[in-house]
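Since we're looking at a predicted model, the values are computed, not measured. A note on names: the letters A, B, ... follow the listed sequences, proteins ahead of strands, and every chain is numbered from 1.
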Amino acid sequence: MNKFLKWFASDSFIVSLAAIVMGLLLGAIVMMIGGYNPITAYGALLSKVFGDWYGFGEALREMTPLVLTGLAVAFAFRAGMFNIGAEGQVLMGMTGASLVGIKITGLPALIHAPLAIIAGALFGGLWAALAGYIKAKRGVNEVITTIMLNWTALFLCNYIVRTFLLVPGNQRSVDIQPSASISIEWLSQMMGNARVHWGILLALLASTFFYYFLWKTKQGFELRAVGSNPEAARYAGINVNKNIVKAMFISGVFAGLAGAFETLGVFHYQSVYASLPGYGFNGIAVALLGMTHPFGVLAGAGLFGTLTYGSAGMSFEAGVPPEIIQIVIGSIIFFIAAQGIVRFILKPVYKRKKEKVL
Amino acid sequence: MAAATPVVELKQITKRFPGIVANDSISIQLQKGEIHALLGENGAGKSTLMNILFGLYQPDEGHVEVNGQTVAIDTPNKAIELGIGMVHQHFKLVQSFTVTENIILGMEPSKGGIQIDYKTATKKVKEISDQYGFHIDPNAKIEDISVGMQQRVEILKTLYRGANILIFDEPTAVLTPQEISELIEIMRKLVAEGKSIILITHKLKEIMSVSDTVTIIRRGKVVDTVKTSETSPLVLAEKMVGRNVSFKVDKKPAEPGETVIEVKDVSLKNKEGISLLNEMSFNVRRGEIVGVAGVDGNGQTQIIEALSGLRKIDSGSIKLSGKEIANHTPRQISESGVGHIPEDRHKHGLVLDFSVSENMVLESYYKKPYTQRGFLNFRAINELATRLVKSFDVRTPSIQTKARSLSGGNQQKAIIAREINKNPDFLIAAQPTRGLDVGAIEFVQTQLIQQRDQGKAVLLVSFELDEILNVSDRIIVVYEGKVIGEVRPEETNDQELGLMMAGSRQGGIANE
Amino acid sequence: MKKAVKLSLFMLLAFSLVLAACGNNNSNTAATGGDSAEGGAKSDIKVAMVTDTGGVNDKSFNQTAWEALQELQKEQGVEVKYLQSKSEAEYETNLNQFVKDGYNLTWGIGFALEKALGDIAKQNPDSNFAIIDAAVDAPNVESVLFSENEGAFLVGVVAGKMTKTNKIGFVGGMDSPTIKKFEVGFKAGIEAVNPNAQFNSVYASGFDKPDEGKSAAATLYNEGADIVFQAAGGTGTGVFNEALDRKSQGQEVWVIGVDKDQSIEFGTDVTLTSMIKRVDVAIKTVSQQVIDGTFKGGTITTLGLKDDGVGIADTSSVNVPQEVLDEVKSYSEKIVSGEVKVPTVTQ
């Protein structure tokens, strides 16, 4: 508990909070310049998310993939890698879940749905592990491979959907079997048909898993050592290459789950995507917002999800174009990334506890 | 000397940081044409003082006088204007630029305000270089020249900017013995030409050989200022650490037992096919310290890496208590009883962003009781860390403190604690005292000898000949990846060793 | 540490105050947002549309649809509004937003909204919906499809007649059934008037890739084609740019535009003609039914040549000689009468 309080008082937390406030203020200024009332707009944003159960449920739905892709990026980051490929891993996760969810029939829901989730997680994990393997074996920077694998995944997934799962004459797969659905029907009905699903809960569990795995287990210790100082880890007898592949696999599992949940819980089908849908890139922003800490990622996804989902309310009620929402989100991330600026502005109010000696 | 106006006078300088007084009313006079050494342990306040002189910090109390005039040095540019130049310990050079380009960086001479006048600049650099005997090619790229040469570029940079007062911050920390003696030559030439030098260091030998005056600082206060000619290393060391020290490491004669490690005909080539180890053979027995002497780059790094499993060998054998361990993984070797204090503690010895306690289990985290059923057992880990911190006198605010914020000596102590706690049969110590102050050096060397006395085999690799001579029971000299001689420390001296290290065999009393 | 706690509490408080202030104000001002009707007859009818991820400035059907709605607002005084979908997941929530706000008709623009619109229509049987380019089988949904193949046939006739190199190209935005319909019709038109002409097609990976459009056009022009028909949305901009570049270097190349009269945007220098898809007609017709109270729903309408749902641009006469236009006209009549059947899929 004490630790928890400490975290709230910590430097990074205060700076993040200040960055958010500054981002919102900058957004307000931009809106005022554009002739929109920022108070109306932010009010519309909040009422869209918290105004009714439907909005709240849908906002949760929006946050779920953000949490998972944020975790994916953050996890790889903790192990010293930059996973730009969450995007492709999400698509692979969708495809894995679709294949199992559509092609396998006659299973009870209690088996079918988890099986489809696992398939999605594995597809995503293996796709990311591929980049990890290339890095471990050949030393190719994962930034390059994961970016390229994004496109490979896009076209591979489109090919699979078109060839095996397509609704004739359409640009999407057939629907998954009802037994593979992870929608929570009763809750959805209570929430005005909001697309709530079990994945929301599993995403929360995933962030807890992230925390315990990385900081409380032997394997997490290895991953962190490799992430902070691979040379020292190697000297200490840790198998660095194995840990690179492992870290990427786990990172990809998070992203794959995001994809699986979207297919099994939200759409119940898979589209042929004309371009990368952007899940993974948002994940990078969320991981950054959350300071690559799993609970920070939850907060970051909450914020990011509220903003993106609530933005429809802003354009609906206050007439603010979506581009301005992007400016607000962009400026919050900017302020968090440019911590120096925030600290500079905070200086008069907040004197740093200690200055480093020498 | 007291009659002349000092070129620089620091008067009653006090600088406080939250929770600590880094400089407590420090006064120092630098006379024209002298080398004034500033001696003190790590963290004594030397660097803070010099940063004040160079305009990086402002003093809370006191002031600086240059040539008798009170001056306010609020930026490094102001310091440069006043003729003060600083040669930093970590060079601030652009690797892909030439020497001249680096020197003129920030104050490029130009023709008509647009085009950089390289010709004039190069000429001027060459002139200064020749004046002080730097032997520097103004058109060489930084990445292509040696560390010693890079340091000369740093010195040239300050001279080019018209510095009369040069501050050298730990200049020898990165140099080889040859480069050190060359640097000392250069410093002598500089003062002969009327420059004045402040030398920050904790190496007594250099102070004795080059400086005119020494000011000793301990915990932010001036302990004493003495003429070098009127003091001795022992007196200086005691003033610096504040207690009695002895340079002669106390040790009983070695009582070597059976062979623990046997290296036989180990060869290894790099990717380009250049031979790094050339049929190297030696052994280390129980209860003895074998020192490896040699100029850097003659296979020391490679043999250590081969011994600890970090690098594969092409041929030969490495036996630990009779069992082959060549090309085993680092973990296998570590588990079979090899401890390794790595050369570069930041890069290889510690995970700087890990806490002290996490670093303490860096090699044993996976074993019981530190891991149970896959989960880390923090109680056991913290218990171990607390015990090691206490018994090895690692000064840290807490065991949860990040290793990064420990001083170099305490970081090294933490590594040694970890390695010794493994209770290895064979301990490799690579440059274990590099960059440490006298107190810490003493501690490290004592620990090595204690290990020997407990019947461990110790391999000591060091570029400090004194250390090799003082600590080892037997010395092997490596040259171009081969052991070219073996001597006993009591039967040799540093001249002879130096010759052998340069590849000459005649001095060798090789008895193999 | 204490200071930090205090400060963070202070900031939390400040933040929540700001938020609370926003919340309060919102309830007073929410109703004033949106485009209310200005001028023209007043009507309390509200019509809305939800774009696909292409957005409202896609230079394609989303834009045409929104322009049609704006015209409707001017003429009839109805309230109109759109929501842009940033992701696939927003189709449903955006549609729902209009349903909840009591809109009399909500359009889904594009086949991508088919599933979402079907679901929402089922959940809200009392609301009215309409969709472009997809068939949704629900009693409260009006579906409008187009016979793109027929329009493409006509520009195919123009291309077949006008080519000098006897090579003709096609750039599709994505390999999808809808776009395939353009290609098939176009090819059939060429073959009808110029069986010897060589035909080649290139597909891009999306509708928002002008760079791909440019390189696709370059490939086709380099192979010797002098006329390229693009059905590629924003990607088509690249096709036009490539043609403009070549034209300025003296090469004789043409582009056939799509969806609307693209000579207005890209000029008649390179725009030979355009195949028009009257999304605006569809939007206006169905919306008018709602205004008039005659909306039935549950029907799937396919607009072809005979409904004026597709055709060629009026400005075609600038570059296309009269005898070719006459031939186009006669084919158009034959298609309407059923004498000529235009395929929809490759035979």
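With B:N410 contributing its side chain and B:R395 its backbone, the two residues share a donor-acceptor pair below 3.5 Å.
The part of B:E305 that comes within reach of chain A is its side chain, from C-beta onward, which places non-hydrogen atoms under 4.5 angstrom from that chain. At a 4.5 Å heavy-atom cutoff, B:S334 makes no contact with chain A through either its backbone or its side chain. Heavy-atom distances place the side chain of B:F378, and not its backbone, under 4.5 Å from chain A. For B:Y366, the parts sitting under 4.5 Å from any heavy atom of chain A are the backbone and the side chain alike.
Taking the ring centroids of B:F375 and A:Y212, they lie at or beyond the 6.0 Å cut-off. Taking the centre of each ring, A:Y211 and A:W215 come in below the 6.0 Å mark.
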Quick one: side chains of residues 226-233 of chain A, donor-acceptor pairs under 3.5 Å with protein atoms, not counting sequence neighbours, listed by atom name and distance.
from   : atom 1 : to     : atom 2 : distance (Å)
A:S228 : OG     : A:R224 : O      : 3.0
A:N229 : OD1    : A:E231 : N      : 3.2
A:N229 : OD1    : A:A232 : N      : 3.1
A:N229 : ND2    : B:H346 : O      : 3.1
A:N229 : ND2    : B:K347 : O      : 3.1
A:N229 : ND2    : B:L350 : O      : 2.9
A:E231 : OE1    : B:H348 : NE2    : 3.2

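Among B:V361, B:L362, B:T329, the residue with the largest count of heavy-atom pairs under 4.5 Å with chain A is B:L362. Options B:S405, B:P330, B:G374 differ in how many heavy-atom pairs under 4.5 Å they form with chain A, and the most are formed by B:G374.
With sequence neighbours excluded, the residues forming a side chain to side chain contact (heavy atoms under 4.5 Å, CB included) with B:N423 are B:K456, listed by chain and number.
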